[in-house]
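Worksheet for the structure shown next.
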Amino acid sequence: MTGSVRTRFAPSPTGELHIGGLRTALFQWAFVQANGGKLILRIEDTDQSRYVEGSIENIIEGLRWLGIEWDEGPDVGGPHGPYIQSERLAKYQTVAGELRARDRAYRCFCSSERLSQLRKDQQKDGLSPGYDGRCRAIPPIQAEERALTEPSVLRFRMDRTGVTNFHDLIRGDVTFQNSLQDDFVIIKTDGFPTYHLAMLVDDHDMEITHVIRAEEWLASGPKHLQLYDAMGWSPPHFAHLPLLVDAQGRKLSKRFGDVSALDYRDRGYLPEAMLNFLTFLGWSLDDKTTHITGDELKQAFTLDRVVPNPAFFDVERLDALNGHYIRSLNPEPWSKNVAEWLSRDLPTDVPRPLDSALVSALAPLLQERITRLDEVATLSRFMFGDRPDYPMDLLVERIDGDSELAALTLDEALSALGDIEPLDWGLGSVEAAIRGLQDRLDLKLRKFVSVLYVAIMGAPRGIPLFDSIALLGREEALIRLQGARSKLP
RNA sequence: GGCGCGUUCGUCUAGAGGCCUAGGACACCGCCCUUUCAAGGCGGAGAUCGCGGGUUCGAAUCCCGCACGCGCUACCA
C-alpha cells in the first residue's frame, strides 16, 4: 500500500455515536495509521428531518474518547472542505446536472403513494421490488415544463443489462445481476441529494481511495459502481466490515440497549478496554494475542485479517477487559479515577472536595475488585459517613444464623478494639486485635469475620476489613460495632 | 418474496490440504492462595469444524448442492 491511502468516517448526525460506528471508525483509523494514510471525518446530514442537535459534538467526543484522530474534518478543516454535506449542496447539483446532460438521470413525478402501492404489488407477485421506470420515457423538455409546477425527484438511470461485480477487500469478488437493479433517487424533492449521490461526489472530491464501511452497505455496491462509471470516475477500493450483532444475531440497534458509545464511558469503561474489545470484534492479530493497545493496533492492522462473519457484542468480555485495564493502572492515575468517580457518585450530602488522604488510602483497596468505575462509590460509601443500614439477618447470614456467635464476636471485637489506645490506632493494631479474636473465640478468622464486615460496611463482602476499620477511626468503628450488637438479642 | 453475505467450543477468534487426537481468550467448573469479595496461580470440562455429496493417499481448509441465520430491498443513512 502506498502512502496515499485516504479513507473516511462518514456518520449521520442523527443522535449519539453508535458503538458499531465507533468500531468502524476504529478500523478505519487503524488502517490509515498502518498505511501512513489520512482519515477524513465527514458529516452526512442530507436528511434534514433526522438531524439531531448536538450529534456532531457527540460523535467527535466519542471518537476522541477512544483516541481516534483524523486529518481532515469539520472541526480541523482541510483542503477538501467543507466536511459537512449540507454545506456542499452546489457540488451535488453540479454533478446531478452532468448526469442529466449525459442522460443518466431523469425527473420522476411519481407520488410516494404510487410508489408504495407499486412495492406492495410487486412483493405480492413475488417480484423484486423497485421503481418500474414509469417516468423514464418523459422527454426532458416536457419534464422541465412539468417541474415548474409539480414536485419531482431526480432518478439515476441504471444499466439493467449484464452484471456488476467488484472485489471486496474482505469478502472477495461479489456479483450482482443488473436486471434486478432499479432507478434510484439521487436528488430529493427538497433539493437535497440522497446518500448515494452525496457519497459519490464527496468521495471523489476528497480523493478517497478506500471505502471501509459496515456490511449493510454491501448491497448498494452496484449503485455506487454505476454512478462512478456514469461520471467516468474510477471507483475506490471497498471493504465491508462484518456487523456487530446482539444475542439474537441481529444488527445492533437501540433495542439492544446500550448502543451509545459515550454511555459506555459514563458507565465506567476505560477507553483502553473499549478499544481492545472492539478491535477483536472481527479482527485478530494471531492465534493468541488478546490484549492490544492503540499504538500496537496501528502498527499491525491489516484488512486481510478482518473476518467476514458478524460478531456478537459480548459485554461480559468487555467487563473482563475493563477489569484487566483497571488493575493495570498505575497508582497515580488510578487514584485520580477513584477521586473523580467518588465525587461524581457519592451522595450529595457528602461534602466536597473529598478528603484526599482518605481517597488515596482507599484507592488501592478498590482496584482489584472493580470491573466498572461506577462501582467505586457503591463499594466505598460506607467510608464517607454513611452508616450502613441492614437487617439483623444479614449479620448471621454466613454463620448459619448463629446469633449467639454473632453477639459474642461483636462483644469480643468491641473489647479488643476498645483496648487499643487512641494514639496506637492503626492498621497494625487493628489487625492484631481482630486476629486475636481467634483465640478468644477459639475459631478461625474466616468463620466469624463476616459478622464484622456487615457491622462495618453493611454487607458480608467488600474491601478489606482491617484497612476499613483503621481508616474509619476508633470512635466510628466502635459505634458501628455497638450498633450491630444492639440489633442482636 | 427477490438478491447478497455468512456458518470452527456458550461467546470472540486461530486455522489458507498433512504441523489439528482443532490452538488462544472470555464465560463455566475444581483446587491452591486468602480477613470477606475479588485478584492471582494451577488444572478441567467444552467444537463429530451447519448438513450432504464430491476431488485427493489425505479436507475445517478445494468444488457442488442443500439448510439455516443475517443484511439489503425508502425522496434513511
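Note on naming: letters A, B, ... go to the chains in the order of the sequence lines (proteins, then strands), and numbering restarts at 1 for each one.
Within the 4.5 Å cutoff, side-chain heavy atoms of L63(A) are placed close to those of L22(A). Looking at S12(A) and Q85(A), their side chains never come closer than 4.5 Å, going by heavy atoms from C-beta outward. Using a 4.5 Å heavy-atom cutoff, the side chains of M457(A) and P388(A) are not in contact.
Taking the side chain of R446(A) as heavy atoms from C-beta on, and the options A38(B), G4(B), U34(B), the nearest nucleotide is U34(B).
Rounded to an integer number of Å, the gap from N178(A) CG to G2(B) C1' is 15 Å. In this entry the distance linking CD of Q248(A) with C1' of C68(B) reads 16 Å, nearest Å. Taking atom CZ of residue R327(A) and atom C1' of nucleotide G41(B), one finds them 14 Å apart after rounding to whole Å. Rounded to whole angstrom, the span from the CG atom of D467(A) across to the P atom of U36(B) amounts to 13 Å. C37(B) atom P lies 17 Å from atom CD of E375(A), rounded to whole Å. Rounded to an integer number of Å, the gap from CD1 of I170(A) to P of C5(B) is 14 Å. Rounding to whole angstrom units, CZ of residue F466(A) and C1' of C37(B) are separated by 14 Å. Distance CZ (R171(A)) to C1' (U7(B)): 13 Å, rounded to an integer number of Å.
U11(B): Watson-Crick or G-U partner is A25(B), with both key distances under 3.5 Å. Pairing for A16(B) is absent, with no Watson-Crick or G-U wobble pair whose two atom distances lie under 3.5 Å. Across all strands shown, G58(B) forms no Watson-Crick or G-U wobble pair with both key distances under 3.5 Å. If you check U34(B) for Watson-Crick or wobble pairing at under 3.5 angstrom, you find it has no partner at all. Figure legend. G50(B) is base-paired to C66(B); pairs are counted as Watson-Crick or G-U wobble with both atom distances under 3.5 Å. Across all strands shown, G1(B) forms a Watson-Crick or G-U wobble pair, both distances under 3.5 Å, with U73(B).
Residue P464(A) is classed as a base contact, given a heavy-atom separation below 4.0 Å to a base. Contact annotation for G323(A): no contact, since no heavy-atom pair falls under 4.0 Å across all strands. Looking at heavy-atom distances under 4.0 Å, T371(A) makes no contact with the nucleic acid at all. Contact annotation for R305(A): backbone-only contact, meaning every heavy-atom pair under 4.0 Å involves sugar-phosphate atoms and none involves a base. F176(A) comes within contact range of the sugar-phosphate backbone alone, with a heavy-atom separation under 4.0 Å but no base atom that close. L465(A) comes within 4.0 angstrom of a base, heavy atoms only. Within the nucleic acid shown, V245(A) has no heavy atom closer than 4.0 Å to any nucleic acid atom.
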For W217(A) and Y195(A), what are the C-alpha separation, side-chain angles and deciding distance, and is it a ring-ring contact (aromatic ring centres under 6.0 Å, His included)?
CA-CA 11 Å; W217(A) 295 107; Y195(A) 165 80; 4.3 Å; yes

Residue pair R372(A), D374(A): steps toward the salt bridge (charged side-chain N to carboxylate O under 4.0 Å, His left out) verdict:
CA-CA 5 Å; R372(A) 285 189 268 119; D374(A) 63 357; 2.7 Å; yes

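With salt bridges taken as basic N to acidic carboxylate O contacts below 4.0 Å, none links R8(A) and D202(A). A salt bridge is defined here as a Lys NZ or Arg NE, NH1 or NH2 lying under 4.0 Å from an Asp or Glu carboxylate O, and R114(A) with D132(A) meets this definition. Using a cut-off of 4.0 Å between Lys/Arg side-chain N and Asp/Glu carboxylate O, D345(A) and R381(A) are scored as not salt-bridged.
One C1' atom belongs to U8(B), the other to G2(B), and the distance between them is 30 Å to the nearest Å.
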How does protein reach along nucleotides 71-77 of chain B, written 5' to 3' as B (base within reach of a heavy atom under 4.0 Å), S (only sugar-phosphate), or - (no contact)?
SSSSBBB

Give the B/S/- string for nucleotides 21-33 of chain B, one per nucleotide from 5' to 3', where a protein heavy atom under 4.0 Å of the base yields B, of only the sugar-phosphate yields S, and otherwise -.
--BSSSS------

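Each of L180(A) and S284(A) lies near RNA chain B, and the nucleotide nearest L180(A) is the one positioned closer to the 5' end. Along RNA chain B, the nucleotide nearest to P308(A) and the one nearest to I463(A) differ in position, and the one closer to the 5' end is contacted by P308(A).
When the side-chain nitrogen and oxygen atoms of N309(A) are compared with OP1 and OP2 of C12(B), none of them lie within a distance under 4.0 Å. Contact between the side-chain N/O atoms of R398(A) and the OP1/OP2 oxygens of U36(B) is not found at any separation under 4.0 Å. Within the 4.0 Å cut-off from OP1 or OP2 of U35(B), at least one side-chain nitrogen or oxygen of R435(A) is found.
Ring centroid separation for the pair F192(A) and Y92(A) does not come in under the 6.0 Å cut-off.
Summarising the geometry of R435(A) relative to F466(A), their closest heavy-atom pair is NH2-CE1, 3.8 Å, with the distance given to 0.1 Å.
Side-chain atoms of D121(A) and Q117(A) form a donor-acceptor pair, as typed in the model, at a separation below 3.5 Å.
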